[in-house]
Amino acid sequence: MSRETPSVSHIICLVGPTGSGKTAAALHIACSLAQSGFPTSIINADSRQIYQDFPIITAQPTQEERTQCPHLLYGFLPTDQKSSAGKWMDSARTTVAEVTAQGRFPLLVGGTGLYIRALLDGMADIPAPDAAVSTRLQEQCRMEGPLPLHARLSGIDPVYAARIHPHDRQRVIRALEVWESTGRTFSWWHEHAVSPVPETTVLRLGMGLPLRELAPLLSKRINAMLDAGAMDEARSALKAYPELSLPGWSGIGCRELGKALTGQLPLAEAMELWQKNTRAYAKRQWTWFRADPRITWFRPDDPAAYRNMTKLALAFLQGKPSGS
RNA sequence: GCCGAGGUAGCUCAGUUGGUAGAGCAGGGGACUGAAAAUCCCCGUGUCGGCAGUUCAAUUCUGUCCCUCGGCA
C-alpha cells in the first residue's frame, strides 16, 4: 500500500528513559512555544501509552495535563489489540500531517526508540507476512528451539543471520517469515525498500540520568502509581480482559499486577519484579538513545533544563541554524 | 553450659580425597528495521570467620577462639 508522505518542515522530539520526566518537560515546552507564537501539539511516541486500559501504569499524561495543550495518540487502543512499529508510524505520519495542516507544530514525546527511528529515519516497507507462516515458525521454534531456524536463516540470508544471535528467536522468526512470505530476504528489504522519510528537519532533545540516579525516582514513581489507583486499574482491566497474554497486558507493571491479582505471584514478589523490570527497561532505553549523537541531553534535576530546551526549540522553529 | 549443623561473591549456596574457587539471583555493559515496556548477547578476586599448628604448599587436615541456627539443660 502506498503511504502518504506529507511535506513537513519541522519536528521536535523529546526522548529518554522511562521516569525521567519527559511528560512534564514536553508540556512545559509546548506551552512556552505556544506563548511565543508557535502553537504546539504533543504526539505520543511510546508503545505502551497508546493503551486505553492502563493510563496510570503506563504513566500517560493526566486529563488535567491534556487540557493545557493538545495531546495526540494517547490511550486509544484496547488491551486486546496489537500495535506495531509500522502501525504506529502510519498513524504518527498522519497525525503529524494533520497537526501541520492546522498550522501547529508537532512535538513527539516518548521512549520507544524503534518507533521514533521508524518515523524519522525510515523503515523498510515490507508487506505484512502471511499469518499461517508466522504461526508455523512460532510453533517450530517452540518445539525445536531457535537454533535450527537460525541455521536455516544462515543459508538464506547470511548477512542478517550473522548480525543477530542464534538465540534471538524473535528476530530469527521475523527474518524467516519475511523470506517465506515475500520471496525476498530481510537484508534485501532493508537495502531496497526503506520507506521515504518525509521532508523534515528534526530537533532531538533528550531527558535522562544514569541509571544509578534514575533508579530511586523509578521506585518512587511506582509507589505514586499505586497511590493513584494502579491496583484498581489492573483489576478492572482484568475484568474486561482476563487473558493476560493479550497485547495490552505486556506492559511492565500491568503483567506483574495481573499475575498478583490472579494469584500467580505473591504481591510482594510482584512489586519487586515490577521495580526490577522497570530498571532493566530504563537501562535498555538509555543504551538505545545514548547511542544517537544527534540528541542534545538534559537532566531533570537541572533547574535550567526547561528554559534551555525551550530556547533550543524556539531557535529551531524560527529556522535558526542548530540541531540537525 | 552440653550436643549437633553451619560460617565461601551484595544475597542463597556448591566445591576443592591439600596445589588460593563457581553456579543461580542481584548488579554492570552492549545489540536492536512492523511483538520493542519486546527479543537477545557479554561481564565473577572473594582476607573461602579469626588466630595458631602440621606441610614444600591450608579455603581444604588438626587445635583453639568468635559468630549464627537447631536440640537438650
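A, B, ... follow the sequence lines: proteins, then strands. Residue 1 opens every chain.
- Rounded to a whole angstrom, the distance from the P atom of B:C48 to that of B:C2 is 29 Å.
- Between the C1' atom of B:U33 and the CG atom of A:Asp121 lies a distance of 11 Å, rounded to the nearest Å.
- Under a 4.0 Å N-O distance rule, the pair A:Arg294/A:Asp121 qualifies as a salt bridge.
- For the residue pair A:Arg221/A:Thr18, the side-chain donor-acceptor check at 3.5 Å is satisfied.
- The structure places CD1 of A:Ile11 at 11.0 Å from CD1 of A:Ile116, a figure rounded to the nearest 0.5 Å.
- Residue A:Arg171 places a side-chain atom within donor-acceptor reach of the base of B:A38, judged by atom type and a 3.5 Å distance cut-off alone.
- Across the protein-nucleic acid pair, A:Ile164 atom CD1 and B:A38 atom P stand 19 Å apart, rounded to whole Å.
- Residue-level contact check: A:Asn277 touches neither bases nor backbone, having no heavy atom under 4.0 Å from any strand.
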Under 3.5 Å, which N/O atoms of the protein pair with N/O atoms of nucleotides 25-29 of chain B?
from, atom 1, to, atom 2, distance (Å)
B:A26, OP1, A:Lys276, NZ, 2.2
B:G27, OP1, A:Arg279, NH1, 2.2

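- Taking A:Asn223 as the reference, nothing meets the side-chain hydrogen bond (donor to acceptor under 3.5 Å, both in side chains) condition, with sequence neighbours excluded.
- In terms of modelled atom types and a separation under 3.5 Å, the side chain of A:His167 and the main chain of A:Pro146 share no donor-acceptor contact.
- Look at the C1' atom in both B:C56 and B:G6: the space between them is 32 Å, to the nearest Å.
- At a cut-off of 3.5 Å, with distance as the only test, a side-chain donor of A:Lys283 or A:Thr287 sits close to an acceptor on the other residue.
- Taking atom P in both B:C69 and B:A26, the straight-line distance is 28 Å, to the nearest Å.
- A straight line from NE2 of A:His150 to P of B:C41 spans 12 Å, rounded to a whole angstrom.
- Proximity of a side-chain donor or acceptor of A:Asp157 to a complementary backbone N or O of A:Ser187 within less than 3.5 Å is detected.
- Within 4.0 Å (heavy atoms only), A:Tyr160 reaches sugar-phosphate atoms of the nucleic acid but no base atom.
- Side chain of A:Ile126, nearest nucleotide from B:G34, B:A36, B:C32: B:G34.
- The side-chain hydrogen bond (donor to acceptor under 3.5 Å, both in side chains) search around A:Thr58 returns A:Gln60, not counting sequence neighbours.
- The base of B:A38 has none of its N or O atoms less than 3.5 Å from a complementary donor or acceptor on the side chain of A:Arg48.
- Side-chain atoms of A:Arg117 stay outside donor-acceptor range of the base of B:U33, with no qualifying N/O pair under 3.5 Å.
- Not one side-chain nitrogen or oxygen of A:Ser83 sits closer than 4.0 Å to the OP1 or OP2 atom of B:A35.
- Between A:Glu269 atom CD and B:U12 atom C1' there is a gap of 14 Å when expressed in whole angstrom units.
- In this structure, A:Tyr281 places its OH atom 10 Å from P of B:A36, rounding to the nearest Å.
- Classified by its glycosidic torsion, B:G30 falls in the anti category, the angle being over 90° from 0.
- Nucleotides B:G22 and B:U8 have their C1' atoms positioned 10 Å apart, rounded to a whole Å.
- Within the structure, a side-chain polar atom (N or O) of A:Arg284 is placed less than 4.0 Å from OP1 or OP2 of B:A38.
- Residue-to-nucleotide proximity on RNA chain B shows that, of A:Gly111 and A:Ala85, the 5′-proximal contact is made by A:Ala85.
- Each of B:A36, B:A38, B:C41 was ranked by its minimum atom distance to the side chain of A:His165; first place goes to B:C41.
- Position along RNA chain B of the nearest nucleotide to A:Ser250 versus A:Pro129 favours A:Pro129 as the more 5'-ward residue.
- Counting to the nearest Å, the P atom of B:A36 and the CG atom of A:Asp46 are 10 Å from each other.
- Comparing B:G46 with B:G10, their P atoms sit 8 Å apart, to the nearest whole Å.
- Here A:Glu139 pairs with A:Arg142 in a salt bridge; the nearest charged N to carboxylate O distance falls below 4.0 Å.
- For A:Ser250 and A:Arg48, the side-chain atoms include at least one donor-acceptor pair closer than 3.5 Å.
- Nearest to the side-chain atoms of A:Ser47 among the listed nucleotides B:G34, B:A36, B:A37 stands B:A37.
- Judged by atom type and distance alone, A:Gln138 reaches the base of B:A35 through a side-chain donor-acceptor pair under 3.5 Å.
- Through direct or indirect side-chain contacts shorter than 4.5 Å among Ile, Leu, Val, Met, Phe, Trp and Tyr, A:Leu176 is connected to A:Ile126, A:Val133, A:Leu137, A:Leu149, A:Leu153, A:Ile156, A:Tyr160, A:Ile164, A:Val172, A:Ile173, A:Val178, A:Trp179, A:Phe186, A:Trp188, A:Trp189.
- Atom CH2 of A:Trp88 is separated from atom P of B:U33 by 17 Å (rounded to the nearest Å).
- Residue A:His167 places at least one side-chain N or O closer than 4.0 Å to OP1 or OP2 of B:C41.
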### Task
For RNA chain B, just give me the dot-bracket, please: Watson-Crick or G-U, both distances below 3.5 Å, ( ) intra-strand, [ ] crossing earlier pairs, | paired with another strand, . unpaired.
(((((((..((((.....[..)))).(((((.......))))).....(((((..]....)))))))))))).
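- The separation of B:A57 from B:G18, taken at their P atoms, amounts to 15 Å, rounded to a whole angstrom.
- To the nearest whole angstrom, the two C1' atoms, one in B:U59 and one in B:A14, are 14 Å apart.
- Sequence neighbours left out, the pairs with a member in residues 90-120 of chain A that pass ring pair (Phe, Tyr, Trp, His ring centres under 6.0 Å) are A:Phe38-A:Phe105, A:Trp88-A:Tyr115.
- Atom C1' of B:U20 sits at a distance of 40 Å from the matching atom of B:C72, rounded to the whole Å.
- For B:U33, the OP1/OP2 oxygens have no side-chain nitrogen or oxygen of A:Tyr115 closer than 4.0 Å.
- Phosphate proximity of B:A36 to A:Arg174: absent, as no side-chain N or O sits under 4.0 Å from OP1 or OP2.
- Look at CD1 on A:Ile50: it is 11 Å from C1' on B:A36, rounded to the nearest Å.
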